[in-house]
Amino acid sequence: MRFSELVKASWHALIANPKRSFLTTIGIIIGIASVVTIMSLGAGVKKQMLRDLDTTQTGQQTAEIYYNSRDMFLNEPGFDNRDVTMLMDANLKGVAKVEILQQTKKIGMTAIINDSQQAMTADLVNKPVKQPIVAGQNLTTYDFEVKNPVMLMSDKLAATKMYTTAANAVGTSVTVQQTTYTVIGVYHNKAADARLPKPLYLNSSTGKQGNGIKLTFKPGAQVSVGAKQALHQLKKSGSHHRDGRYEYIDMGKLLKGISKSISGITYFVAAIAGISLFIAGIGVMNMMYISVSERTQEIGVRLALGATPKNIMMQFLLEAIILTVSGGVIGLVIGTSVAAVASMAMPFRAIVTPASVALAFGVSTAVGIVFGLLPAKQAANKNLIDILR
């Protein structure tokens, strides 16, 4: 028999009992849909996360170098404009841009409070923040617009360290390097010691300093080579090279590691969901055994008319493959749709990769072959004389 005739005969045998055929494919549909959904959402999460972590929109790679002071009580920033100028003049290999990373939360600094030098931390804010005010008043929108040198002090710093009560801190002056701030209020906060207006802080000399520096590389540049050159220059001539140590973070290497981790988690979860395909395969095998048992006379007639055992085996094997592949196609459509609907409620888009499509067809075909082979062999091994008896 020609292959096309075998396919046609297999298809007609399946549609002769549509309910049983459909119920048999439900396990395949659920398994493929689950795997495709998980892989699509995983690919979307991976792409969005890598996009968020990538510091440039042009595909340029970056590396970050951080400064750690040897004196844990010294809060002076480790980088300033001298370091930026020095690195740009060093003609580092592949480096296109050097800039200081500016923090906005719990920035370490040394300030003059109540006529004594003190280490403190500060948060930078762009607008007034609603919070419990213990004494004085909160920052106002007007303070940000005109860049008033005013600040809030935490009750922890005001009452327990520098002043007898929180009210005594209101109206006092705090000098942070070249800028003198007036304390207009005391707020309740256990994290940072002070809250400063971000626009004023960044426009002052302190705004050009920080404990991190970012190197942006030209496309195709070797990040590790340029970063090591920068690290060597800083250790040799950095503004604070005698007071601490420098270390760099290769963002490209970090992104590759994160990408592998996300892919590993996605495949692991997909593999767990794929267990249902094994159970579905057993259902397909059971249905095919029942079909072989019910169609004994049909097998006998075909053998009597000249069909070979190979033809019989191929027909029943094709029936199993058509059954599972049909379920795989339906599962692919359902999985893609579920992933698309689910991504509407998430901050990323689901991505159906070619691997997901190949997996749907490949796995469903493999299930049909593996679990359809034994019933097909049983059908092919039927003896014509035994059937006629």
Taking every non-hydrogen atom, the tightest pair across Ala230 and Ile65: CB-CD1, 3.8 Å
Gln229 side chain vs Lys93 backbone, donor-acceptor pair below 3.5 Å: yes
Greater than 12 external heavy atoms within 6.0 Å of Phe348's CZ: yes
Check: Gln378 main-chain N/O paired with Asn381 side-chain donor or acceptor under 3.5 Å: no
Exercise: identify the closest heavy-atom pair between Ala158 and Ala166: CB-CA, 4.3 Å
Student check: side-chain heavy atoms of Thr141 and Pro128 closer than 4.5 Å: yes
CD1 on Ile32 to OG1 on Thr336, rounded to 0.5 Å: 11.0 Å
Residue pairs, two or more places apart or on separate chains, that pass salt bridge (charged side-chain N to carboxylate O under 4.0 Å, His left out) and touch residues 329-342: none
Pair Leu196-Asp123, side-chain contact (heavy atoms from CB on, under 4.5 Å): steps then yes or no: CA-CA 6 Å; Leu196 305 176; Asp123 289 341; over 6 Å; no
Nearest heavy atoms of Thr324 and Ile28, plus distance in Å: O-CG2, 3.5 Å
CE on Met285 to CE on Met288, rounded to 0.5 Å: 10.5 Å
Side chain proximity check, Tyr187 to Ser154, heavy atoms < 4.5 angstrom: yes
Geometric class of the Phe79/Tyr246 ring pair [parallel <30°, tilted 30-60°, perpendicular >60°]: tilted
Other ILVMFWY residues reachable from Val146 by side-chain steps of under 4.5 Å: Tyr142
Nearest heavy atoms of Phe217 and Gly226, plus distance in Å: CE2-CA, 3.7 Å
Pairs involving residues 309-330, ordered by first then second residue, that meet salt bridge (charged side-chain N to carboxylate O under 4.0 Å, His left out) (sequence neighbours left out): Arg295-Glu319
Interatomic spacing from OG in Ser326 to CD1 in Ile321 - rounded to 0.5 Å: 11.5 Å
pair Gln118-Leu157: side-chain heavy atoms closer than 4.5 Å: no
For Met344, the rest of its hydrophobic cluster, which grows through side-chain links under 4.5 angstrom: none
Under 3.5 Å side-chain donor-acceptor pair for Ser173 and Thr182: no
Distance (rounded to the nearest 0.5 Å) between His188 NE2 and Asp155 CG: 5.5 Å
Between CD1 on residue Ile30 and CD1 on residue Ile334, distance to nearest 0.5 Å: 8.5 Å
Ser293 backbone acceptor or donor facing Thr296 side chain under 3.5 Å: yes
ILVMFWY clustering at 4.5 Å (side-chain atoms), partners of Val170: Val134, Val186
Distance-only side-chain donor-acceptor flag, Thr175 / Tyr181, under 3.5 Å: no
Residue pairs fulfilling salt bridge (charged side-chain N to carboxylate O under 4.0 Å, His left out) with at least one residue in residues 126-154, sequence neighbours excluded: none
4.5 Å side-chain heavy-atom contact, Asp243 and Tyr67: yes
Which atom of Val174 lies closest to which atom of Ala111, heavy atoms considered: CG1-CB, 3.9 Å
Any donor-acceptor N/O pair, Thr37 side chain to Gly335 backbone, under 3.5 Å: yes
Pairwise side-chain contact, Met153 with Tyr163, heavy-atom cut-off 4.5 Å (strictly under): yes
Ala43 versus Thr353, closest heavy-atom pair with distance: CB-CG2, 4.0 Å
Heavy-atom check, side chain of Leu215 versus side chain of Leu87, under 4.5 Å: yes
Spacing of OG belonging to Ser291 relative to CZ belonging to Arg20, to within rounding of 0.5 Å: 5.5 Å
Side chain proximity check, Val35 to Val363, heavy atoms < 4.5 angstrom: no
Test: Lys214 and Glu99 ion pair at under 4.0 Å: yes
More than 12 heavy atoms of other groups within 6.0 Å of Tyr289 OH: yes
Any side-chain heavy-atom pair of Ile290 and Asn286 under 4.5 Å: yes
